[in-house]
Amino acid sequence: MENSAILREWFERVDTDKIGSITAIQLKSAFAIGNLQFPITVVQQMIRMCDFDQNGTMSFEEFVELNKFLLKVQHVFSDLERGRGFLVPDDVYEALIKIGFRLDSPALYTVCESFDRNKNGKFRLDDFISLCIFVQSARNLFDSFDTTKQGRVTLDINQFIYCTANCRI
């Protein structure tokens with residue numbers, strides 16, 4: 001789906017209401033057709049992650065940005081899954097670095113534990129995408145508070161609650 005015309009055609013098929021934007025339910029259904037099963041909460045987070053106009057739906061331009069991110073994640077997954085169809089936590093660590101995320105061990109293993117749906121240490125593509133959506137959303141939110149770009153923020157309780165509520169999956 002790298003071609004803009006193909007993306008536009010796909011987007012228009014998903015936009016069943018023909019209003020120029022798609023909802024989380026429409027996006028979830030489209031992923032299911034492609035054999036990717038995401039909880040609605042993950043799809044909602046995808047929309048929040050790319051919802052630049054903050055209207056709760058995804059325009060074509062926002063969809064293009066999501067697609068770029070998903071292609072990058074899928075490419076890294078394919079490079080590291082070694083024909084197994086899944087990643088293990090060490091692969092997840094390496095994949096996250098390739099995508100541009102550097103987590104320390106406690107953060108990595110907490111995130112892995114949270115997104116290991118079957119609790120078997122194996123991350124299928126949809127599990128890995130969910131994990132990456134969470135990490136990217138957390139980074140976006142962190143960056144909005146890190147105004148000096150020092151890699152550190154100080155939050156009061158209200159800001160902390162705002163952050164955790166916006167990163168929920």
Nearest non-hydrogen partners of [X] and [Y], listed with the distance:
| X | Y | result |
| --- | --- | --- |
| G20 | D15 | N-OD2, 2.7 Å |
| F128 | A95 | CZ-CB, 3.4 Å |
| A24 | Q44 | CB-CG, 3.7 Å |

Checklist line | Donor on one side chain, acceptor on other, N140 and Q136, under 3.5 Å | finding: yes
Next item on the list: For the pair L27 and I47, evaluate side-chain contact (heavy atoms from CB on, under 4.5 Å) and give the outcome as yes or no after the intermediate values.
Entry: CA-CA 9 Å; L27 188 58; I47 289 178; 4.1 Å; yes
Under a 4.5 Å side-chain heavy-atom rule over Ile, Leu, Val, Met, Phe, Trp and Tyr, are [X] and [Y] clustered together?
| X | Y | result |
| --- | --- | --- |
| M49 | F52 | no |
| L87 | V42 | yes |
| V43 | V135 | yes |
| V88 | F77 | no |
| V73 | L131 | yes |

Treating [X] as the side-chain partner and [Y] as the backbone partner, does any N or O pair qualify as donor plus acceptor under 3.5 Å?
| X | Y | result |
| --- | --- | --- |
| Q159 | D156 | yes |
| D126 | L36 | no |
| R82 | L80 | yes |
| D146 | G151 | yes |
| D17 | I19 | no |
| R13 | W10 | no |
| K98 | Y93 | no |
| Q150 | R152 | no |

Margin query: I need the full list of side chain to side chain donor-acceptor pair (under 3.5 Å) pairs touching residues 69-79, with sequence neighbours left out, sorted by first then second residue.
Written below: H75-D79
Check: Can we call the ring centroids of F123 and F86 under 6.0 Å apart?
Finding: no
In the structure I gave you, are the side-chain heavy atoms of [X] and [Y] within less than 4.5 Å of one another anywhere?
| X | Y | value |
| --- | --- | --- |
| I40 | I25 | yes |
| I99 | C132 | yes |
| F60 | L7 | yes |
| R84 | D91 | yes |
| T23 | M58 | no |
| I133 | L66 | yes |

Next item on the list: Would you please name every residue forming a side-chain hydrogen bond (donor to acceptor under 3.5 Å, both in side chains) with T16, sequence neighbours left out?
Entry: Q26
Margin query: I want to check a possible cation-pi pair here: R139 against F101, using under 6.0 Å from ring centre and within 45° of the ring axis as the test.
Written below: no
Look at atom [atom1] of [X] and say whether more than 12 heavy atoms of other residues, nucleotides or ligands are closer to it than 6.0 Å.
| X | atom1 | answer |
| --- | --- | --- |
| N120 | CG | yes |
| I97 | CD1 | yes |
| F145 | CZ | yes |

Next item on the list: Any chance you could lay out the salt bridge (Lys or Arg N to Asp or Glu O under 4.0 Å) test for K122 and D116, step after step, and finish with the verdict?
Entry: CA-CA 7 Å; K122 297 176 181 177; D116 183 0; over 6 Å; no
With rounding to the nearest 0.5 angstrom, report the [atom1] to [atom2] distance, [X] to [Y].
| X | Y | atom1 | atom2 | result |
| --- | --- | --- | --- | --- |
| F11 | E62 | CZ | CD | 8.5 Å |
| T41 | R48 | OG1 | CZ | 8.5 Å |
| R124 | I129 | CZ | CD1 | 10.5 Å |
| L70 | F63 | CG | CZ | 8.5 Å |
| D51 | S59 | CG | OG | 8.0 Å |

Margin query: Determine whether V64 and S4 satisfy the following criterion, side-chain contact (heavy atoms from CB on, under 4.5 Å), listing intermediate values before the conclusion.
Written below: CA-CA 8 Å; V64 169; S4 183; 5.6 Å; no
Identify every side-chain donor-acceptor pair in residues 102-113 under 3.5 Å, counting partners at least two apart or on other chains, and give the distances.
unit_1: D104; atom_1: OD1; unit_2: A107; atom_2: N; d: 2.9
unit_1: T110; atom_1: OG1; unit_2: P106; atom_2: O; d: 2.8

